[in-house]
Amino acid sequence: MRGRRFSTGISLGFLLAGTIAAGVLASGLPAQAQDIGIGLVVPLSPPGDPVGGQLIRRGAELGVETVNAAGGVLGGRKFKLYVEDSQGKPEAGVAAYRRLVSENKVAVVPGFFHSSVAIAANEVANEMGVPTMALQASAAEITSKHYEVAFRTHVVDPVRVSAFMEFIKQKGFKRVSMIAETTDYGIGIADETIAQAKKAGGVEIQKVPFDRTVTDLTPQLLQIKAFKPDLVINIGVGQPLDLIIDQATTIGLLPTTPMLISYDAPVRPQYWKLHPKNGAGLYFIAYFSPKAPLSDIGTAFSKAYVEKYKEDPVYGALNGFGAIAIIAQAINAAKSTDSKALIKTLETGTFKSWPSNPVTFPRASGVYWHNWSAPVLILHYTKPMEDWKEAEVAVQYAPVVPKD
Amino acid sequence: MFSTELVVQTVISGVMIGVLYALMALGITFIYSIMRMINWAMGEFYMIGSYLQYALVALLLGPDLWWLAIPISAAGVFAFGLVVQWSLLKPIFRKPPEARDDYATVVTLALLLLLRSLATGLAGPNQFSPGSNLPVVMVGPMPLAGARVAAFVFALAALALFYCLLRYSWYGLALRATSQSRIGVQTAGIDVQGVDRIAFGVGVALAGLAGALLAPVFLVYPTNGLITTVKGFEIVVIGGLGSIPGALIAGVLLGLIESLGAAFIDSAYQNIYGFALVLLILVLRPTGLFGERGREA
């Protein structure tokens, strides 16, 4: 087993080495002993979504191991990953970004699961100049401000909501309730849904916001039940998401009314442990289908991940790995860790990540600025304890990025 | 959107959660009335109670014996409370009372951080649920989780038992006397430090009991005691520090105001309604609704 893990690691290393070799050779730089710091700001404790943060961290750690095993970047410099816990709080995320840049002298700060944290950190990043890369934060504002430092490899709100609308249209739903946390993520999605529903017409929307520190969501769910919706959209992140499922079941809203979860939390192994009886029948957004082809480095990462963690990698882990792979390629292509050179390279280059399609960060219009997004899926658990890889694909939505 | 059914359902929901809030507040107010100190780590004892309940149900007893796990969890927290009182708080109370509050604040705040970090380190940041086999129960027009109804009944029974012990037992008399005068009771031969130990153990056991009762309803994770602590302190201010009836009535009042506010004003500000009530009470009656009566008890 150990030997097989070693050999998988070696093959992953060779693949990444091949991917970044061109940049290493082109740089012509002598090997330097100095490590290159990479920051990672993710939620590792509540009130954030610690599971989401942990998955990104696993992918990023494996990514750093792989880059280093392949000989590092810039002719031999190794990556050193500095991980900071944002707790899902903007102030903690900002402090973490500052610490990483000023104390650890990191070259790039990927991570950012919670939109509020990404938005707040980008304000500071815009002054300090070290680029950020949001890996699972979808609020439009993260990229719509067109900051030079702000990059993202995740679906943006309008695309996610377009997938919602496709689903609503397909099922013929006429009354839709949204229970949304009062964060940039929750309110951003809720408002975008209202806007797109108004444009589409024929759908009555109810928006019920809640403070994410509240644990008893019965009053909000009673309002929703009284509205008699055809669909409930659960826009909670982390613990509120699970509380909504349980408390909606209690008051009889579930399973009679379908529920759509706004992100991919149900693909995590924890989902069925928390909802063994009431987790079936729910729809949820996902950003990755195991039926979709991976790139060569994505496939090798997937094997290494399975060997290390004894479970298949999900989107968060893949994106954590992908960010490190992109950063390694960008540093080699830029032949530098200088922030301005890196930003220029990220904007103009084409990178290999976990999906089969190449990744780019064009200076596109609106929310698509510096943004790459995987296709959006809506999956459906049709039976209890169903493997997410077997879940029914209800909607497959490919974002159309406007070209300027 | 007003409908009679929605109003009734919201009121039932508010009363149910209010009683559970009161259990938490009772521990805070009881420890204060005896020891004259605020235990800022109260939420962490709630958290320990919830983890014990989860561990007992998930790993040892199984979901059918959830009811047995509840007193065991509360007893575990009581025992831990005795250790904390003996090792961390007793030395403070041996010394003259100057700055005792300050020391107690620093110690319990440090304990809060320590216990929370330990929980994250030992069990990870993930959420757990002990699960429940109890069926949904109809309370009037309101369907309620069996676990929530059980928690409500257990909480009411615990509050009643606690009140009877305090009111009708010899030890209850000693506790009430200590709350009136720590020096006076020593002239009657009562061991104040012994009373402190039991009071602290019982106070945190009430929080642990709340944690165990609510584990299947509000999930188990390292910071799950935070919101209940905040509610507990709100209730203490509303009901009056040291008052047991005050804790119960303020708990129900807080639960009702939050539920009705969330349902009929704006659901985004559910926490704000409680704070507004706290501010109103502080302006109109700074000692709380039953503050003075509680101090005499």
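To find a chain, count down the sequence lines: A is the first, B the second, and so on, and within it residues start at 1.
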**OP:** Inspect the surroundings of OH in A:Tyr305 and state if more than 12 heavy atoms from other residues, nucleotides or ligands are less than 6.0 Å away.
**Re:** yes
**OP:** Side chain from CB out, backbone as N, CA, C, O: work out which of these in B:Ser117 comes under 4.5 Å of a heavy atom of chain A, or both, or neither.
**Re:** neither
Subject >> Per-residue contact mode, B:Asp266 against chain A (heavy atom under 4.5 angstrom) >> reply: side chain
Original post:
Does the A:Gln220 side chain pair with the main chain of B:Ala268, one donor and one acceptor, at a distance under 3.5 Å?
Top reply: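 Not a single qualifying donor-acceptor pair exists.
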Subject >> Heavy-atom donor-acceptor pair, B:Ser267 side chain to A:Pro209 backbone, under 3.5 Å >> reply: yes
Gap between atom [atom2] of [Y] and atom [atom1] of [X] - 0.5 Å precision:
X	Y	atom1	atom2	value
A:Lys225	B:Leu6	NZ	CG	10.5 Å
A:Asp242	B:Phe218	CG	CZ	14.0 Å
B:Tyr269	A:Asp211	OH	CG	10.0 Å
A:Thr218	B:Met16	OG1	CE	9.5 Å

Original post:
Relative to chain B, which of A:Leu222, A:Asp49, A:Leu44 shows the most heavy atom pairs under 4.5 Å?
Top reply: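 Option with the greatest count: A:Leu222.
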Original post:
By a 4.5 Å heavy-atom criterion (distance strictly below it), what part of A:Thr215 contacts chain B: side chain, backbone, both, or neither?
Top reply: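 Contact with chain B is through both the backbone and side chain of A:Thr215.
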**OP:** Would you please test B:Arg148 and A:Gln247 for side chain to side chain contact (heavy atoms under 4.5 Å, CB included) and show each step?
**Re:** CA-CA 10 Å; B:Arg148 192 179 286 222; A:Gln247 292 172 22; 3.8 Å; yes
Of all of [options], which one pairs up most often with chain A through heavy atoms under 4.5 Å apart?
options	result
B:Val136, B:Leu219, B:Thr10, B:Thr120	B:Leu219
B:Ile227, B:Val137, B:Leu226	B:Ile227
B:Pro143, B:Gly14, B:Ser129	B:Pro143

Original post:
Is any side-chain N of the basic residue among B:Lys231 and A:Asp216 closer than 4.0 Å to the acidic one's carboxylate O?
Top reply: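 Between A:Asp216 and B:Lys231 there is no salt bridge, as every charged N stays at least 4.0 Å from the carboxylate O atoms.
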**OP:** Write down the atom of A:Thr250, the atom of B:Leu144, and the distance for their closest heavy-atom approach.
**Re:** CG2-C, 3.4 Å
**OP:** Indicate the atoms forming the closest heavy-atom contact of B:Gln270 with A:Pro219, along with that distance.
**Re:**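 The answer is NE2-CG, 4.1 Å.
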Original post:
Do A:Gln54 and B:Asn126 have side-chain heavy atoms sitting under 4.5 Å apart?
Top reply: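 A side-chain contact under 4.5 Å is absent here.
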Subject >> Contacts with chain B made by residues 266-275 of chain A (heavy-atom distance under 4.5 Å), listed by residue number >> reply: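 Within residues 266-275 of chain A, near chain B: A:Gln270, A:Leu274.
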**OP:** Check the pair A:Leu243, B:Gln127 against side chain to side chain contact (heavy atoms under 4.5 Å, CB included), reporting the backbone distance first and the verdict last.
**Re:** CA-CA 11 Å; A:Leu243 290 174; B:Gln127 296 140 237; over 6 Å; no
